[in-house]
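Take a look at the structure set out below.
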Amino acid sequence: MSHIDRICSHEHPSIFSYEPFSLSWSRSSPTSSSSTNSSTSSTRHALSTLFKVLLIISTAFAAWKGLCFVTASSSPVIVVISESMEPAFYRGDVLFVWNRAEVFDVGEVAVCWFEGRPLPMVHRIVQRVPDYEVGRNESAIGHPQYQYLTKGDNNDRDDTPLYPPGQPYVKRHEVIGTIKGYIPYLGWVTILMNEHPWLKAAVFGAAGSFSFLRKKQAEPHGVKIQR
């Protein structure tokens, strides 16, 4: 080492002591950056999943409301939950309802929903009688309205005992439509989930686990840093 090198070494020690600090800082930087990127990626994934769920719910709700408008029925799709209409319809069949007609014919299968009842009743119209309260109104002459007597195909008698007390027939506003089509047995999933709450919890739990596993598989692996 020359005389000049010795002088520089003694007079400017900070030049040589600064370099290790710089190397130490540069080695820790990639790790910090990787952690930040991973956190940002997880947040974006969570927001994306939430957006997809909200989109599915809003789309289903809009489709249901659109179907209600087209069919003029408050419940355009229902599931048969009893055996009272066998052999026409069986338990678990999905029925499609249409409510655009002003008058229904004898023989049609009507969906009746009485105020205060939790579920509708799906039975066949066996008799149609004029609504005499409306018939006495002069403005209704020539355009009579009707009330209906219903009965389940698999029942021994008509539905009079099932109507609200003192009511012998079903009124027009209590009919939310008649059946225009069906898909057999498709509604059994709904029936099983309603009758067995543990099954509903298992289905939603499995769906949540599947979503969690997909999230884990989508996360990037750790970045290896060469030193």
Side-chain angles (χ1 to χ4, degrees), residues 40-86 88-104 108-125 145 148 150 152 159 162-164 170-219:
T40 303
S41 177
S42 298
T43 303
R44 288 179 177 177
H45 182 78
L47 291 176
S48 176
T49 302
L50 178 62
F51 176 77
K52 290 178 181 178
V53 171
L54 293 177
L55 182 61
I56 292 173
I57 294 174
S58 60
T59 302
F61 180 77
W64 177 261
K65 285 300 182 181
L67 197 57
C68 290
F69 175 78
V70 171
T71 61
S73 176
S74 59
S75 186
V77 180
I78 61 175
V79 177
V80 179
I81 60 173
S82 71
E83 298 85 8
S84 63
M85 278 302 295
E86 294 181 2
F89 302 116
Y90 289 89
R91 196 164 186 251
D93 290 353
V94 174
L95 310 180
F96 301 101
V97 184
W98 183 262
N99 194 33
R100 290 262 173 208
E102 294 184 6
V103 179
F104 305 116
E108 289 190 273
V109 178
V111 182
C112 311
W113 205 329
F114 303 109
E115 185 178 357
R117 303 284 177 87
L119 295 172
M121 178 180 68
V122 182
H123 283 174
R124 193 178 303 277
I125 297 174
Q145 294 187 12
Y148 304 92
T150 59
D159 297 332
L162 303 177
Y163 301 156
V170 180
K171 299 179 181 180
R172 174 61 183 89
H173 72 272
E174 294 171 327
V175 180
I176 64 171
T178 56
I179 305 305
K180 296 301 181 183
Y182 75 101
I183 300 177
Y185 306 119
L186 185 63
W188 264 108
V189 175
T190 302
I191 293 177
L192 291 175
M193 290 178 110
N194 288 334
E195 292 183 350
H196 305 285
W198 63 268
L199 182 60
K200 184 185 296 186
V203 170
F204 283 107
S209 300
F210 178 74
S211 177
F212 178 77
L213 290 176
R214 285 192 60 187
K215 176 184 175 182
K216 282 296 184 182
Q217 291 176 357
E219 288 180 355

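What you see below is based on every heavy atom in this structure, not just the backbone, and it leaves out hydrogens, waters and symmetry mates. No experiment lies behind these values; they were computed from the predicted model shown.
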**Q.** Under the side-chain contact (heavy atoms from CB on, under 4.5 Å) test, residues paired with T71 that sit two or more places apart
**A.**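 side-chain contact (heavy atoms from CB on, under 4.5 Å) list for T71, sorted by chain: L67, S73, P76, W98.
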**Q.** Partner residues of V111 under the side-chain contact (heavy atoms from CB on, under 4.5 Å) criterion, sequence neighbours left out
**A.**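 In terms of side-chain contact (heavy atoms from CB on, under 4.5 Å), with neighbours along the sequence ignored, V111 is linked to I78, V97, P120, V122, I176, I179.
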Q) Does any non-hydrogen side-chain atom of Y148 lie less than 4.5 Å from one of V103? A)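 The answer is yes, as the side chains (C-beta and beyond) meet within the 4.5 Å cut-off.
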Provide the closest heavy-atom pair for [X] versus [Y] in the form atom of the first, atom of the second, distance.
X	Y	answer
W113	P118	CZ2-O, 3.4 Å
T150	M121	OG1-CE, 3.8 Å
A101	R172	O-NH2, 2.9 Å
D159	G152	OD1-N, 3.9 Å
Y185	D93	N-OD1, 2.9 Å
R124	A88	NH2-CB, 3.7 Å

Which residues pass the salt bridge (Lys or Arg N to Asp or Glu O under 4.0 Å) test with [X], not counting sequence neighbours?
X	answer
E108	K180
R91	E195
E115	none

Just verifying a value: how many Å separate [X] [atom1] and [Y] [atom2], rounded to the nearest 0.5 Å?
X	Y	atom1	atom2	answer
H123	C112	NE2	SG	8.5 Å
I125	T178	CD1	OG1	7.5 Å
R44	F51	CZ	CZ	15.5 Å
L95	I183	CG	CD1	10.0 Å
T49	L54	OG1	CG	11.0 Å
S84	L162	OG	CG	9.0 Å

Q: Can you sort out the partners of Y90 under ring-ring contact (aromatic ring centres under 6.0 Å, His included), two or more places apart, ordered by chain and number?
A: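 Y90 satisfies ring-ring contact (aromatic ring centres under 6.0 Å, His included) with no residue once adjacent residues are dropped.
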Q.
Does Y182 have more than 12 heavy atoms from other residues, nucleotides or ligands lying within 6.0 Å of its OH?
A.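 At most 12 heavy atoms, drawn from other residues, nucleotides or ligands, come within 6.0 Å of this atom.
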Q) Is I191 atom CD1 crowded by more than 12 heavy atoms from other residues, nucleotides or ligands, each under 6.0 Å away? A)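 Buried by this count: over 12 neighbours within 6.0 Å.
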